[in-house]
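Here's the structure we're looking at; comments come further down.
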Amino acid sequence: MPSRFNRFVSRVFRSLASMRLGLSLFGLVLLATILGTLVPGLWPAYQRSAVFAGLLLLAVANTAFCTVRQLPGLGRRRFTSARQAFYGWGVWLLHVSIIVIALGGWGSARYGRDAYLELTVGQTAQLPAELAGGEVVSLRLDDFQTDYHADGTVAEWRSLVSLDRPGRPSQSALIRVNHPLAFGAANLLQSSFGSRYRLELTQDGQRQAVSVDTGRPVSWTADGRLAIQLDAASPVNSPPPGAAGEVPLEVVGYTVLVDGQPAGSASARFGQSVRVRSGLSFIVQERQAVSGLALRYDPALPLVWAGFGLLSLALVGLLAGRRPEVAIVPGHPPAATPRSKL
Amino acid sequence: MSAFINAEYGLFAAGLAALFLAMASGLLQAGLPRLRIGRLAFPAGIGASGLFLLSATARSLGAGRLPFASMYEFGLLFILALQAIWLAFELARKPAVYRLVLLPFNFVLAGVMLLFFQESRPLMPALQSAWLFIHVLTAVLAYGLFAVGAVLAVAWLIKPDDDGLWRTMDRLVSLGFPFLSLLIVSGAVWAQYAWGSFWRWDPKETWSLITWLVYLIYLHGARVRRWRPRSCAWFAILGFVAVLFTFFGVNLLLSGLHSYT
């Protein structure tokens, strides 16, 4: 005979595993997510809040309890056909996969780390050790190329890199968008591109050479009121139709800023002096391509992949299987199965 | 290139006209049974499907790739999926009410998509992936099934004595859910390769999760909690409202990583 304590535990477990609670929790997650995205200024900080995380945690815990509770009944159940068995086990596996994905997602948010590198060709950077599995890894950009479509839009970025680790031969790899370089629990991705320019600024006969990256203003005058910002380099004209591939870049757009506000924009050719106003001129002397590489370390990723695998398997079960017929007649209570007490 | 653009636009517009003919003949037949004009609905609907398919083919030939990238291209595939479901209903000899509710919906959707017509563009680097096809195909299947499910839910709310409408709606929603799940998973896998993270709470991702939650609640409510059929029908409509917001609303109102067009 079960003790009072066991009965209490059983009752608590059934409450936690109840469908009523599950639907309420998922309903709350749904409402919270809708509000979070539609109320201006709330997203994305909102999804990192304790309330939202707590709701998700409770919903996943309920799914876990529900899954455990369903298992004995599913094991004893006699399916009338293989397709019904597929369906029954598919539904159960779907719940398991959601728990595994949620665990992986939590691990990813808790232990995942990001870093961002901007390298010009020939430049070497040391990767943060905590993102490289504790190893000392240096990364060198050997080459970086941009291909263009015939209409002038970017077709592809390619970074040829070398990874050097003590005691191991140098590893050379090509990184493209959608084709990251994986090493250990980290992935190195082609994230963005830009340019680094060598600029000669002249003010009343005084010359100064500066290095400036795309989109980042650089002060021109000593009081800092006047600044210049260079945009992405482009071909002289849009490439003619059929001229896809690598295209020489010869002009760069620039914006003159006064007290941080744009005061005028135009284009400059490389190597030609551009007079902005009396006593002020500049020359864009050289351009180096900058490859933006994102480093993502995620030790929980295998768990997420496992969850996705289970989910896909479960969905195959659902699609190949056959749901037991339930007679739902509009306006009448269903006849085949009693209303769930969960 | 412009010849292909003219051809695809013209074919789409002709498809829209054929769809109007199919819809109008079906509605007139329902209102005036003696006219026998309803016989036009099937060939006109087939003609519309063929013209939309030709328009998609012309676009593919002009762009040198399949039309899977922009909002207009997704809309074109969506309309083709809905026409395929309409054809399946016709071949299964479903009652005229299916035609009466589905064809007007397809017509309105096709009309809206014509407003979003834009020339095809080359694919940006992030879209050059095999995952694009899996992701978009699962989206077309899931959204198509949910759209027809919602249309049938509306029809059942108007005509609640027709059990067949309700059952078909329920089957379509049940079938759409696995495809919606695959849509989210394929997007997450692709995002891991393209952006280095399988989930970023981007507006499109978040709204696909919202849609998934609505249908998840529907399925549990209908299967386990034995909700009243009317509640299920309303939830099927609510789910499709979430689909529409994910498709149109997020693209037009919220900016994020999916802002490609």
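Between Leu319(A) and Phe179(B) there is a side-chain heavy-atom pair separated by less than 4.5 Å. Val177(A) has its side chain out of reach of Met124(B): every pair of non-hydrogen atoms, C-beta onward, lies at least 4.5 Å apart. Considering only heavy atoms from C-beta on, Trp195(B) stays 4.5 Å or farther from Arg296(A) through its side chain. Two residues are said to be in side-chain contact when any heavy atoms from C-beta on lie closer than 4.5 Å; Asp151(A) and Pro122(B) meet this criterion. At least one side-chain heavy atom of Leu94(A) sits less than 4.5 Å from a side-chain heavy atom of Phe177(B).
Across Asn178(A) and Ala126(B), no two heavy atoms sit closer than the pair ND2-O, 3.0 Å.
Ranked by heavy-atom pairs shorter than 4.5 Å toward chain B, the options Leu38(A), Thr37(A), Val29(A) are led by Thr37(A). When each of Ala182(A), Ala109(A), Ala294(A), Pro180(A) is checked for heavy-atom pairs under 4.5 Å with chain B, Pro180(A) comes out on top. Per-residue counts of heavy-atom pairs under 4.5 Å with chain B were compared for Val304(A), Asp298(A), Thr153(A); the largest is that of Val304(A). Chain A forms more heavy-atom pairs under 4.5 Å with one residue of Trp131(B), Trp199(B), Trp212(B), Trp207(B) than with any other, namely Trp207(B).
The closest donor-acceptor contact from the side chain of His220(B) to the backbone of Leu23(A) lies at 3.5 Å or more, if one exists at all. Judged by distance alone, the side chain of Gln128(B) and the main-chain N or O of Ala155(A) form a donor-acceptor pair under 3.5 Å. Asn187(A) places no side-chain N or O within donor-acceptor distance of the main-chain N or O of Gly196(B), the cut-off being under 3.5 Å.
Within the 4.5 angstrom heavy-atom criterion, no atom of Leu188(A) approaches chain B. Only the side chain of Leu311(A) comes within less than 4.5 Å of a heavy atom in chain B; its backbone stays farther off.
Taking the six-membered ring for Trp and thresholds of 30 and 60 degrees, Tyr193(B) and Trp305(A) have nearly parallel ring planes, at less than 30 degrees apart.
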